[in-house]
Amino acid sequence: MGRKQTRFEALVHALSADLFRYAVWLCRDRSQAEDLVQETFLRAWRSLDTLRDEKAAKGWLITILRREHARQYERHVPIRDYEVDPDDLPGTGDNTSAEAAALRGAVANLSEDYREPLLLQNLGGYSCEEIAQLLGLSSGAVMTRLFRARQKLRAVLDGDENAASRELRI
Amino acid sequence: MNCLEFHRRSLAEPRCQESEFLRHKRDCTHCADFSLGVTQFDKSLTEALQVEVPNNLASRIILRQSLDAEGAQRTRKRRLYAWAASVLLALGLAGGWFMATRLPPVDRAVIARISEVPGSQVAAEQVPYDTLVRVLRTLGGELSGSLGEVSYASIYYIQDFPCGQLVLTGMKGPVNVLLMPGVYIENRRALRSKQWNGIIVPTANGSMAIVGEQGEVLDDVEQRVRSAVIWRL
């Protein structure tokens, strides 16, 4: 097996699960997420020589995945943004509590602007500065989005969605 | 940092480690309580976001990549051959120098499939005739004779192309037969695997892999399939 192949397979084994989790919440659909992850790794394979630092691999793959998602999204533009039915939410891990279900519903229905930084922070473990780099935003803008996203989620869980709407206008 | 700034920062970055943030948390009981609440909420959020990852996701990605790489390699090979032919013609030389040492993607696909569906190795029930006919038709085949006992028959996909998996009964136990229309190989050969005893043979519309226990007479199974299935081109 060549060095490039070995390097690629190591990346797949180390990062495919993380990328899948992120993709599921980005697409809100498991099968679409798997296609997206496969396509991401295929593109990564073709340009693997451009990845110099192994430590930057996860960010590099997330950037490819986001571009690919945007490309696919352009091809299938929905007529309007839709409210996700709780039954259609991504398959879950071990936590099946009512609070977890409510949180999943609230996250799925956040707009992408708020959902993405939150996913990168909570699933990816990235700092605000790193998220800013990945999303091409200022650090301040990322903090504002994260602040509003959590405010919205807390308000939904407290049963005060109107408060969430008011707070989001800050 | 005042309390309002602290609350905003807590909601934006619950695990913030900046000294000013930590100092305020230490000095203000109200904000320390608020921060604790946000941290607990964030822990619940992270748990709620966990998603079950499909089994064999990594092996499916690697399989797809190896098939893609093989396609690209074939194109490069064709270009290389064209270039080589023109050079050889000009120089009046003859010869060739290309040797593939890597495990071929077809072998990888076969091994991945058999490793992925081990349950088919121990399936005991006979597959209904109608199911068998339907599986073969999906692959462009017609059943015109007997395959003997068939304990498993299903369709699976390699890069969106349907392939079939049958488990027949051999002399030594179950024998996996993978039918791969559109996956062409030039010559009959042994499967390159230390773990499995198998052969890959060309068929009228692609290829077929037959994998069984050590000591299994695979040629007999091959003949059984060839005489029982007719392929539409």
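First the proteins, then the strands, lettered A, B, ... as listed; each starts at 1.
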[atom1]-[atom2] distance between [X] and [Y], expressed to the nearest 0.5 angstrom:
X: Thr144(A); Y: Leu11(B); atom1: OG1; atom2: CG; value: 12.0 Å
X: Arg64(B); Y: Trp45(A); atom1: CZ; atom2: CH2; value: 14.5 Å
X: Ser44(B); Y: Asn122(A); atom1: OG; atom2: CG; value: 10.5 Å
X: Arg30(A); Y: Glu52(B); atom1: CZ; atom2: CD; value: 6.0 Å
X: Phe8(A); Y: Gln65(B); atom1: CZ; atom2: CD; value: 4.5 Å
X: Ile62(B); Y: His13(A); atom1: CD1; atom2: NE2; value: 3.5 Å

When you look at [atom1] of [X], are more than 12 heavy atoms from neighbouring residues, nucleotides or ligands closer to it than 6.0 Å?
X: Lys43(B); atom1: NZ; value: no
X: Glu222(B); atom1: CD; value: yes
X: Glu54(A); atom1: CD; value: yes
X: Arg188(B); atom1: CZ; value: yes

If you compare all heavy atoms of [X] against all heavy atoms of [Y], which two are closest, and at what distance to 0.1 Å?
X: Glu13(B); Y: Arg150(A); value: N-NH1, 4.4 Å
X: Ile61(B); Y: Ser16(A); value: CD1-CB, 3.7 Å
X: Trp25(A); Y: Ala48(B); value: CZ2-O, 4.0 Å
X: Leu146(A); Y: Ala12(B); value: CD1-O, 3.4 Å
X: Arg154(A); Y: Val38(B); value: NH1-CG2, 3.7 Å

(request) Counting only heavy atoms closer than 4.5 Å, note whether Arg145(A) contacts chain B via side chain, backbone, both or neither. (result)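 Answer is neither: Arg145(A) stays 4.5 Å or more from chain B.
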(message) At a 4.5 Å cut-off on heavy atoms, which part of Gln38(A) comes close to chain B: side chain, backbone, both, or neither?
(response)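 For Gln38(A), heavy atoms of backbone and side chain both lie under 4.5 Å from chain B.
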(request) Could you look at Arg9(B) and say if it's the side chain, the backbone, both or neither that has a heavy atom under 4.5 Å from chain A? (result)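 The side chain, not the backbone.
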(request) Answer whether the closest heavy-atom distance between the side chains of Leu123(A) and Gln50(B) falls below 4.5 Å. (result)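 In contact.
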(message) Any non-hydrogen side-chain atom of Met143(A) less than 4.5 Å from a side-chain atom of Arg8(B)?
(response)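 Side-chain contact under 4.5 Å: no.
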(request) With a 4.5 Å cut-off on heavy-atom pairs, point out which of Thr46(B), Leu45(B), Val53(B), Leu49(B) contacts chain A the most. (result)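 Of the candidates given, the most pairs with chain A belong to Leu49(B).
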